[in-house]
**Q** 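Could you have a look at this structure, given as structure tokens, before my questions?
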Amino acid sequence: MKNRMKPLTLPLVMTFPLAMAALLLGGCSSEEREASSAGSPGHRAALEVLGASQGELQLTAPGTRATSFTTLTSGEIGVFLNPKTLGDYTPQNNVKYTASSVSGGSTVWTSSEALFFTDAIAYVCAYHPYTAGSNYENPTAMRLKTQEYSAAVDFSFAKNVPMNSTDGVASGTEEGAGNQVVFKMSRAYALLVLNFKRGNIKDGCTIARIEVSATGLNSENTLNISTGAYGPPAASPDNKFILDKEITVPQNTSTASVSQQILMVPTAMLSNLKLTLKLKSAGSPALGVKVTEISKFEAGKRYTLNLTVNSTGIAIGSMQVTTGWDDDALKNDDGSTDLVPV
């Protein structure tokens with residue numbers, strides 16, 4: 001059981017012997033002492049998570065940025081608290097806060113093990129989606145790996161925010177510390193989106209294996225969510241990522257496509273990127289195409305390849321790099337959106 005900081009409660013009536021015993025013991029529980037800053041605990045206030053969102057900063061013009069964040073209205077986040085000065089707080093790791101709707105349509109985030117502040121500064125960071133287990137107990141080394149996309153592993157994080165018991169929204173500076181926060185979470189991965197259309201293949205077209213290969217391709221890394229710094233990456237075995245999965249490509253029409261998404265551990269420099277497909281049909285040769293347009297995988301960016309699968313090869317129709325993972329990145333070349341994620 002984790003030792004969370006809780007408000008001190010005392011009975012309304014205390015007999016004289018109990019009162020004397022309490023005075024002799026110092027007048028507070030061990031949990032209260034852990035929640036206190038040096039000296040008097042001062043004013044205490046609970047962490048109030050006013051909201052959480054997922055997205056990126058977008059470069060709109062030279063020297064200017066705009067935010068593109070999607071508000072999270074459901075699910076769970078994990079929160080970490082660490083003291084600025086050792087001894088002011090007991091570090092709290094991976095505390096679950098859950099979203100729930102209230103009247104009026106707004107979302108509130110609450111925890112059965114709510115964190116509390118004193119006057120002392122604490123640093124608070126968070127991630128989404130919450131996951132229990134030993135791999136998520138250290139905010140300085142959260143593990144990432146290149147893998148097939150699913151919402152359950154689409155990792156986002158909010159870096160340290162200085163906070164304390166001052167009533168109000170924390171501004172991001174120690175001078176503007178408060179007990180309320182809106183977590184704006186950045187995505188930790190890059191997203192590779194492969195949109196497949198059938199070309200001149202007359203019979204059935206089912207992909208059995210997707211292979212992404214490149215010099216410098218990363219398979220794993222760690223991320224310090226308190227600072228946003230990545231650790232030394234682990235190179236992919238044989239510089240490849242392999243996904244064994246059957247994907248049926250619809251019969252050739254003007255727009256029919258199917259989409260496969262892969263979360264990529266960020267890589268600063270790639271060379272000789274190649275996409276290879278193995279079809280399910282017996283005797284079908286492996287089909288490959290070099291992707292010279294992609295030279296890196298940058299966190300928070302979406303790399304979309306629109307591909308046509310022919311009997312003798314793969315043709316790249318277009319390649320898009322977008323900041324923000326909105327649905328526009330899944331559109332066909334003609335702007336239609338009949339893609340079917342698999």
Side-chain angles (χ1 to χ4, degrees), residues 3-8 28 31-61 63-72 77-97 99 106-111 113-128 138-142 156-188 223-230 299-300:
N3 194 14
R4 310 295 184 208
M5 294 171 280
K6 303 174 183 177
L8 178 65
C28 64
E31 287 181 336
E32 178 71 12
R33 286 196 297 271
E34 290 172 358
S36 302
S37 56
S40 171
H43 174 58
R44 300 180 69 242
L47 167 65
E48 296 181 23
V49 181
L50 302 182
S53 58
Q54 184 181 50
E56 299 301 324
L57 292 174
Q58 292 187 333
L59 184 65
T60 55
T64 65
R65 285 184 179 270
T67 58
S68 176
F69 288 90
T70 300
T71 300
L72 299 173
I77 61 175
V79 180
F80 296 82
L81 180 151
N82 282 285
K84 175 187 177 182
T85 302
L86 188 65
D88 283 346
Y89 296 92
T90 299
Q92 303 293 306
N93 295 323
N94 206 20
V95 181
K96 181 171 66 175
Y97 276 72
S106 60
T107 302
V108 295
W109 295 82
T110 58
S111 175
E113 300 176 295
L115 301 177
F116 280 78
F117 299 110
T118 66
D119 295 335
I121 293 291
Y123 295 119
V124 178
C125 57
Y127 76 96
H128 172 270
N138 182 359
T140 68
M142 306 293 269
S156 299
F157 67 100
K159 296 187 291 187
N160 271 346
V161 178
M163 303 187 72
N164 65 7
S165 60
T166 302
D167 294 329
V169 179
S171 70
T173 66
E174 292 184 10
E175 293 75 15
N179 71 316
Q180 302 170 346
V181 67
V182 175
F183 289 121
K184 289 189 174 182
M185 302 194 188
S186 299
R187 285 188 166 93
L223 172 65
N224 183 342
I225 66 170
S226 65
T227 64
Y230 290 82

**Q** Can you list the residues that meet the ring pair (Phe, Tyr, Trp, His ring centres under 6.0 Å) rule with Y97, with sequence neighbours excluded?
**A** none
**Q** Go through the structure and list residues passing side chain to side chain contact (heavy atoms under 4.5 Å, CB included) with A188, not counting sequence neighbours.
**A** L144, F155, F157, L223, Y230
**Q** Please name all residues satisfying side chain to side chain contact (heavy atoms under 4.5 Å, CB included) with S165, sequence neighbours left out, ordered by chain then number.
**A** H43, A45, F117, D119
**Q** Flag the pair D167 / N179 as yes when at least one side-chain heavy-atom distance between them is below 4.5 Å, and no otherwise.
**A** yes
**Q** Taking all non-hydrogen atoms of both residues, which atom of A299 and which atom of R187 are closest, and how far apart?
**A** CB-O, 3.9 Å
**Q** Using 0.5 Å steps for rounding, measure from the OG1 atom of T90 to the CG atom of N82.
**A** 10.5 Å
**Q** Could you grab the distance from atom OG of S226 to atom OH of Y127, nearest 0.5 Å is fine?
**A** 14.5 Å
**Q** Heavy atoms only: give me the nearest G228-K159 pair and the separation to one decimal.
**A** N-CD, 3.6 Å
**Q** How about S53 and K184: do any of their side-chain heavy atoms sit closer than 4.5 Å?
**A** yes
**Q** Run the numbers on V124 and V181 for side-chain contact (heavy atoms from CB on, under 4.5 Å), then give the verdict.
**A** CA-CA 9 Å; V124 178; V181 67; 5.7 Å; no
**Q** Once rounded to the nearest 0.5 Å, what's the spacing between atom OG of S186 and atom CD1 of I225?
**A** 11.5 Å
**Q** Using atom types as modelled and distance alone, determine if a side-chain donor or acceptor of E113 lies under 3.5 Å from a backbone N or O of S111.
**A** no
**Q** What's the separation between atom NZ in K96 and atom CD1 in I77, rounded to the nearest 0.5 Å?
**A** 12.0 Å
**Q** Once you round to the nearest 0.5 Å, how far does CZ of F80 lie from OG1 of T140?
**A** 9.0 Å
**Q** Provide the closest heavy-atom pair for A158 versus C125 in the form atom of the first, atom of the second, distance.
**A** O-CB, 3.2 Å
**Q** Atom CG of L47 and atom CG of L81: how far apart are they, to the nearest 0.5 Å?
**A** 8.0 Å
**Q** State, with a plain yes or no, whether a side-chain heavy atom of L115 is found less than 4.5 Å away from one of V79.
**A** yes
**Q** Mark yes or no for whether Y89, through its side chain, and T118, through its backbone, hold a donor-acceptor pair below 3.5 Å.
**A** yes
